Amino acid sequence: MGDAAEIRLQIAGTGGVADNGTSPATAALPTMSERVRWWAVVLVNIVFLLGGQSVASFLGRIYYDQGGGSLWMATVVQSCGTPLAIPLLLYFRRRPRSTAVTRLPLIKISAIYAGLGVLLAADNLMYSYALLYLPLSTYSLICATQLSFNAVFSYFLNKEKFTALILNSVVLLTFSAALVGVSHGSDGTNSSVPEGKFPLGFALTLSASALFSLILSLMQLTFDKVLKSDTLYDVMEMQFWSNTAAAVVSVAGLFISGEWSTLDGEMDGYKKGKVAYGMTLAWTAISWQLATVGMMGLVAAVSSLFTNVISTVGLPLSPIVAVIFFGDRMDGVKVLAMLIGVWGFLSYIYQHYLDDAKVKKILAERLADDDEHHTVKFNTE
């Protein structure tokens with residue numbers, strides 16, 4: 001399993017001698033500036049994903065607690081921030097695009113983006129219900145199961161390999177969510193959570209996590225097998241059009257359901273006032289947009305499984321924040337579930353450490369063999 005993008009940067013081929021007379025191993029080595037650029041892109045996307053995801057979930061819970069009740073509006077704001085990506089899309093469009101992308105039939109790529117958009121809209125709606133029916137701490141703990149689902153989807157769709165540590169991570173995270181699910185006292189909170197909705201909220205969060213993991217694997221499959229490119233333009237294009245499709249579906253649902261007619265009354269009844277209502281929705285949309293950009297950037301630069309690992313980094317913090325700001329109850333079961341989840345996360349991170357060490361060892365061996373080959377050749381001449 002391992003960091004596929006970094007391996008591609010470090011080891012790029014096996015045969016012949018490069019045009020400049022260097023060996024394949026030496027020619028495959030990235031320059032310092034290339035490595036710095038790659039890590040900079042990864043770190044920026046990590047910040048976008050973690051920051052956007054945490055703030056958006058926090059604001060989503062505030063929306064419900066302060067009097068918001070439109071599930072479709074909560075779904076719309078998860079994808080309606082796509083216009084914010086237009087300046088970046090126009091900027092990167094001026095740069096040359098790969099020929100693999102330009103040869104794609106328009107109808108094919110449109111169908112892919114539309115399909116991803118529909119799946120995103122369905123996933124966003126389930127998350128909206130889940131956040132309404134569960135305290136933020138419980139919601140965050142159950143969302144960690146998306147890593148387990150993604151490991152399975154990555155194995156079948158993206159040819160990721162299972163190791164003992166990855167299997168350990170999957171089992172621990174699944175067990176962590178199961179603990180929360182069977183604990184009847186886990187839904188204690190001062191938030192406006194409807195009574196008796198815990199089982200449905202648990203099922204919806206679990207289903208949404210599974211669908212989200214499938215979407216990430218499908219995105220990686222699209223980059224690897226269809227677009228055959230992961231440039232910043234391709235990332236922004238997929239982000240823009242798939243989220244535009246999701247926004248169209250969500251807005252249609254808002255009008256078809258009739259919830260649009262209740263928005264005026266919802267705004268008037270919002271506890272913090274109309275301005276706070278608008279600002280909550282606006283910043284939620286911006287936060288989800290940043291999270292989506294970071295998510296797709298990491299899928300393209302590394303892998304869907306790595307992206308899911310990063311999205312679970314906030315696991316230890318979300319329940320604590322929920323206790324401080326929303327009065328969620330942290331009973332023994334929740335604490336145990338959180339610790340088990342952290343253990344599962346660290347198991348996966350340690351696997352990445354071992355993969356990176358293996359890549360460095362292979363690279364060092366290739367460089368040593370190459371130096372020995374050139375030394376022998378020089379002496380014989």
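Quick caveat: nothing in here was measured; it's all calculated off a predicted structure. Numbering starts at 1 and runs along the sequence shown.
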Legend entry - Non-hydrogen side-chain atoms of N243 and M296 separated by less than 4.5 Å: yes

Inset, instruction - Please determine, by modelled atom types, if S70 and E259 share a side-chain donor-acceptor pair under 3.5 angstrom. - result: yes

Inset, instruction - Take R61 and D65, measure what salt bridge (Lys or Arg N to Asp or Glu O under 4.0 Å) needs, and give me the verdict at the end. - result: CA-CA 6 Å; R61 186 63 259 174; D65 284 349; 3.1 Å; yes

Inset, instruction - Output every pair passing salt bridge (Lys or Arg N to Asp or Glu O under 4.0 Å) with a member in residues 265-280, not counting sequence neighbours, ordered by first then second residue. - result: D268-K274

Inset, instruction - Would you please test T284 and F58 for side chain to side chain contact (heavy atoms under 4.5 Å, CB included) and show each step? - result: CA-CA 9 Å; T284 303; F58 183 76; over 6 Å; no

Inset, instruction - Taking atom types as modelled, find out whether T75 and N124 have a side-chain donor-acceptor pair closer than 3.5 angstrom. - result: no

Inset, instruction - Look at the aromatic rings of Y127 and F212 and report parallel, tilted or perpendicular, splitting at 30° and 60°. - result: perpendicular

Legend entry - No-hydrogen, no-angle side-chain donor-acceptor test under 3.5 Å, S128 and Q78: yes

Legend entry - For S209 against I142, the heavy-atom pair lying closest together: OG-O, 4.0 Å

Inset, instruction - Name all residues meeting the ring-ring contact (aromatic ring centres under 6.0 Å, His included) criterion together with W260; count only those two or more places apart in sequence or in a different chain, and write none if there are none. - result: F255

Inset, instruction - Heavy atoms only: give me the nearest L131-S57 pair and the separation to one decimal. - result: CD2-O, 3.8 Å

Legend entry - Pair L214-L157, side chain to side chain contact (heavy atoms under 4.5 Å, CB included): steps then yes or no: CA-CA 9 Å; L214 175 62; L157 296 178; 3.9 Å; yes

Legend entry - side chain to side chain contact (heavy atoms under 4.5 Å, CB included) between L125 and S250, intermediate numbers included: CA-CA 8 Å; L125 181 61; S250 301; over 6 Å; no

Legend entry - Donor on one side chain, acceptor on other, E237 and Y113, under 3.5 Å: yes

Inset, instruction - Evaluate whether atom CH2 of W241 has more than 12 neighbouring non-hydrogen atoms of other residues, nucleotides or ligands under 6.0 angstrom away. - result: no

Legend entry - Over 12 foreign heavy atoms within 6.0 Å of OH, Y155: no

Inset, instruction - List the atom of V77, the atom of W288, and the distance in Å for their closest heavy-atom pair. - result: O-CD1, 3.9 Å

Inset, instruction - Give a yes or no on whether L43 atom CG has more than 12 heavy-atom contacts from other residues, nucleotides or ligands under 6.0 Å away. - result: yes

Inset, instruction - Taking all non-hydrogen atoms of both residues into account, name the closest pair between L116 and L218 and its distance. - result: CD2-CB, 4.1 Å

Inset, instruction - Please answer: with hydrophobic residues joined when any side-chain heavy atoms are less than 4.5 Å apart, are M295 and V47 in the same cluster? - result: no

Legend entry - K108 side chain near V226 side chain, heavy-atom distance below 4.5 Å: yes

